[in-house]
Amino acid sequence: MTTAAERTADLYPTRGTEEVLIERKDPVVWSEPGAPGPASADDLAGFERDGFLAIDQLITPDEVTAYHAELERLINDPTMRADERSIVEPRSQEIRSIFEVHKISEVFGRLAADPRVVGRARQILGSDVYVHQSRINVKPGFGASGFYWHSDFETWHAEDGLANMRTVSVSIALTKNHDTNGGLMIMPGSHKTFLGCSGETPKDNYKKSLQMQDAGTPSDAALTKLASAHGIRLFTGEAGSATWFDCNAMHGSGDNITPYPRSNVFLVFNSVENTAVEPFAAPVRRPEFIGARDFTPVR
Ligand code: 6CS
Ligand code: FE
């Protein structure tokens, strides 16, 4: 049993009886000004202000072709469908996501270690980084369901034991993100307020939450307040474009009822100074393929 002294201080209480808004206590950009890497000073200033950084072309069209082919290979591999790391769409039972792709696939493992990718993560987080989570999201057309509004950090704090907001995600589009096929929406600036949600975390919550999140879902009132204060930005772009976003940015995406899939690869980098401890608001840890416990820095 860990003693109170051994337990890491909980700066962001959540999943209690009341919903609560808390001012962010952590920096957004952890590196010193002028830290070397592919992101410019303006890029980092924009990330600090908005909680996101949109890049028109992170990878080339040829690379998109190769990564998209790898996504298709994985989702058509019968052993992957049977693998617990594959999550299916509730309605169509088509594959919705495959987790831990940076370990399953050498191709996606190389992408996670690509200097254009990990270099920006190190600049934002101001340290060496490891992959806390990776996934491909297929989001096929004709009704693939979206992800309701949430802060990733709220889940990663409550269920995976990340103490501080020193984690950054990048969503790299492998198909065109139209303004109609369920693109990522972020509330710019929402990353500076932590929304502690009400409602305890059920055991094995992940088995449901990765299809339709329940615990850790903000109230309508809180979302209305945040949207009124910050607005909502929809991210569109060609395949190969990318959106970096802070772990605490309030974001979500709509259903995709068009014929056009919205597939992406999603990589989550965590600072090696913020390695996972025990969950702050969940009865048990989530499986390691969702919340990594291998803290080996990406080289
Ligand atoms: O629970 C999680 O870790 C995942 N859920 C969502 C909706 N976004 C972040 C993450 O991939
Ligand atoms: Fe998310």
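Counting starts at 1 for both ligands and their atoms, following the listed order. This structure is a prediction, so every number in the text was calculated from the model and none was measured.
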May I ask you to establish whether R262 and Y260 are in a cation-pi arrangement, using a distance under 6.0 Å from NZ or CZ to the six-membered ring centre and at most 45° from the ring axis? no
Can you work out which protein residues put a heavy atom within less than 4.0 Å of ligand 1? Q133, R135, F147, H150, D152, T155, W156, L210, F266, R286
Hydrophobic side-chain clustering at under 4.5 Å (ILVMFWY, transitive links): who's grouped with F280? Put none if nobody. V277
Can you tell me which residue pairs pass the salt bridge (charged side-chain N to carboxylate O under 4.0 Å, His left out) test with a partner in residues 129-154, sequence neighbours excluded? R15-E154
With heavy-atom distances below 4.5 Å as the criterion, would you say the side chains of W30 and S271 are in contact? no
Check the side chains of N264 and S171 for a donor-acceptor pair under 3.5 angstrom, ignoring hydrogens and angles. yes
Do R96 and F147 form a cation-pi contact, if we require the NZ or CZ to be under 6.0 Å from the six-membered ring centre and within 45 degrees of the ring's axis? yes
Counting distance only, does the side-chain N/O of T236 pair as donor-acceptor with the main-chain N or O of D179 below 3.5 Å? no
Near N76 CG, under 6.0 Å, is it more than 12 heavy atoms from other residues, nucleotides or ligands? yes
Below 2.8 Å, which protein N, O or S atoms neighbour the Fe ion (ligand 2), ignoring water? H150 NE2, D152 OD1, H251 NE2
Quick check: closest heavy atoms across L162 and H157, and the distance to 0.1 Å? O-ND1, 2.8 Å
